[in-house]
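Indexing begins at 1, ligand by ligand and atom by atom, following the structure's order.
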Amino acid sequence: MALLEVKGLKTYFETQEGEVHAVDGVDFSLGEGESLGLAGESGCGKTTAALSIMRLLPYNGRIVDGSIRYMGYDLTGMPENQIRGIRWRHISIIFQGAMNALNPVKRVGGQIAEPIILHEKVDSEAAQKRVGDLLELVGIHRDRARDYPHEFSGGMRQRVMIAMALACNPRIVIADEPVTALDVMIQGQILDLLERLKRELGLSMILISHDLSVMAETCDSMAIMYAGKIVESGGVRDVFKRANHPYTKDLIAAFPDIEGEQRLPAFIPGLLPSLVDPPAGCRFHPRCKFARPECETTDPALETVGDGHRSACHINRWMEEGTWTSSREGGPP
Ligand SMILES: Nc1ncnc2c1ncn2[C@@H]1O[C@H](COP(=O)(O)OP(=O)(O)O)[C@@H](O)[C@H]1O
Ligand SMILES: [Mg+2]
């Protein structure tokens with residue numbers, strides 16, 4: 001049984017413009033000790049999926065359908081007092097952008113100690129010892145607990161956020177864009193740290209990024225999201241080497257290798273559609289260079305295209321039916 005199993009998850013936001021279908025029927029699972037990458041352009045619903053798992057949605061967001069099973073227990077309907085026993089102690093998150101939101105007037109050690117004192121009910125001396133241990137775990141000298149956030153570089157502040165996420169010994173850590181906005185060399189160091197912690201502590205991890213290249217080294221499997229849905233999922237190698245969905249291919253092309261000299265910014269022609277009134281059929285069809293009329297009316301289901309590898313694109317069926325020649329028209333596989 002998977003440690004975490006998300007099925008048919010739908011999370012919507014109420015807004016003045018209407019209901020935003022941020023996560024619109026998403027399935028994925030995370031095994032013990034496994035690391036799953038969740039990728040897709042900004043605005044496709046990655047953070048919303050993460051906040052749904054944590055049950056920390058903004059006031060106007062709600063899970064409207066689906067299940068999130070952790071060790072078999074469905075978190076979607078769990079009362080808040082039970083969720084509190086799971087949040088941080090079983091599943092924790094490194095929030096997107098949080099390294100820039102540390103309290104500037106409080107010492108870093110005190111900020112890491114807060115969740116420990118709150119959730120583990122230990123005295124401040126024991127908490128301080130734990131803070132020192134956590135700092136060392138993430139590669140920071142324990143004496144630096146006395147320093148203020150501005151005395152740390154971006155990479156060091158992200159290490160502090162990782163220490164905070166580990167404070168209550170969780171089994172699953174969700175890292176939401178943990179290396180975005182760091183320079184490439186520091187990105188590599190933070191990814192190495194996450195990878196080492198995962199191995200040494202036996203953690204399971206969900207690594208969220210709009211940049212596919214950061215997943216190549218760090219993740220076992222990955223899921224590609226587009227406009228609130230998963231369009232392709234599978235083992236990291238399969239998705240990279242045998243990308244099937246036209247969107248995945250565009251995304252891979254937009255983010256060359258992390259080691260590469262020339263890291264071009266993402267540019268996939270066209271814009272992410274409105275999630276208030278998403279396009280009918282395949283949500284990617286307005287941007288897809290292979291789209292046929294069927295794509296405008298029928299939403300393709302995720303179908304198996306290889307061992308543990310799934311993709312939602314009509315081209316796969318057209319190829320089976322012989323109405324598509326990949327050599328002439330391009331596209332999958
Ligand atoms: N609190 C909110 N109220 C209304 N819409 C929201 C809210 N939070 C996120 N959204 C919308 O939900 C969609 C998905 O956002 P998000 O999950 O942050 O995407 P990602 O993390 O992939 O960039 C976007 O269209 C975004 O504008
Ligand atoms: Mg996000």
Side-chain angles (χ1 to χ4, degrees), residues 6 8-28 30 36-66 68 75-76 91-101 158 161-162 165 172-182 187 190-191 194 205-215 218-219 222-233 239 245 247-248 250-252 254-255 265-268 270-279 283-284 286-287 312:
V6 174
L9 181 67
K10 293 188 182 181
T11 303
Y12 297 169
F13 294 106
E14 290 304 332
T15 70
Q16 305 240 299
E17 288 74 43
E19 203 169 39
V20 178
H21 297 199
V23 172
D24 213 7
V26 154
D27 296 352
F28 59 83
L30 180 69
L36 167 76
L38 197 57
E41 278 167 293
S42 181
C44 70
K46 306 179 299 295
T47 296
T48 305
L51 296 179
S52 304
I53 295 170
M54 294 299 291
R55 287 277 309 273
L56 286 173
L57 288 165
Y59 74 97
N60 62 334
R62 83 200 150 88
I63 297 173
V64 299
D65 202 6
I68 302 171
L75 305 183
T76 56
I91 309 177
S92 78
I93 183 167
I94 302 161
F95 290 112
Q96 177 170 4
M99 59 178 254
N100 298 318
Q158 190 58 292
M161 299 320 299
I162 295 170
I172 300 176
V173 173
I174 303 173
D176 193 357
E177 305 276 4
V179 299
T180 305
L182 294 174
Q187 289 193 5
I190 296 294
L191 292 171
L194 289 172
M205 205 175 282
I206 299 177
L207 177 69
I208 295 176
S209 181
H210 65 284
D211 178 347
L212 272 189
S213 67
V214 308
M215 292 173 180
T218 325
C219 296
M222 58 195 223
I224 313 291
M225 271 184 91
Y226 185 77
K229 290 180 180 263
I230 287 177
V231 296
E232 182 161 4
S233 65
V239 175
H245 200 282
Y247 179 61
T248 309
D250 282 353
L251 211 53
I252 291 174
F255 287 98
F267 182 72
I268 302 174
L271 292 173
L272 201 62
S274 153
L275 295 180
V276 174
D277 187 18
R283 289 184 180 182
F284 188 58
R287 297 170 78 183

Roughly how far apart are L194 CG and M205 CE, rounded to 0.5 Å?
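Answer for the CG-CE pair, L194 versus M205, is 5.0 Å.
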Of all the atoms in ligand 1, which lie at a distance below 4.0 Å from a heavy atom belonging to [X]?
X	answer
S42	23 (O)
N60	1 (N), 2 (C), 3 (N), 4 (C)
T47	17 (O), 18 (O), 20 (P), 21 (O)

Is there a heavy atom of C44 sitting under 4.0 angstrom from any atom of ligand 1?
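The answer is yes: ligand 1 sits under 4.0 Å from a heavy atom of C44.
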G40: heavy atom below 4.0 Å from ligand 1, yes or no?
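Not so, G40 does not reach ligand 1.
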Looking at R283 and D24, does any basic side-chain N land under 4.0 Å from a carboxylate oxygen?
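Here R283 pairs with D24 in a salt bridge, since their nearest N and O are under 4.0 Å apart.
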So, the side chain of [X] versus the backbone of [Y]: is there a donor-acceptor pair under 3.5 Å, distance only?
X	Y	answer
N60	E14	yes
E177	H210	yes
S233	A223	no

List the steps and the verdict of side chain to side chain donor-acceptor pair (under 3.5 Å) for T11 and T48.
CA-CA 7 Å; T11 303; T48 305; over 6 Å; no
Under 3.5 Å, is there a donor on one side chain and an acceptor on the other for E41 and Y247?
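Side-chain D/A pair, E41 to Y247: present.
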Closer than 2.8 Å to the Mg ion (ligand 2), do we get an N, O or S atom from Q96, backbone or side chain?
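Of the N, O and S atoms in Q96, at least one lies under 2.8 Å from the Mg ion (ligand 2), which means yes.
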Within 2.8 Å of the Mg ion (ligand 2), is there any N, O or S atom belonging to T48?
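No, outside the cut-off.
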Does the protein come close to atom 23 (O) of ligand 1 - that is, does one of its heavy atoms sit below 4.0 Å from that atom?
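It does; a protein heavy atom is within 4.0 Å.
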Hey, looking at atom 25 (O) of ligand 1, which of T15, L275, T48 has the closest heavy atom?
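That would be L275.
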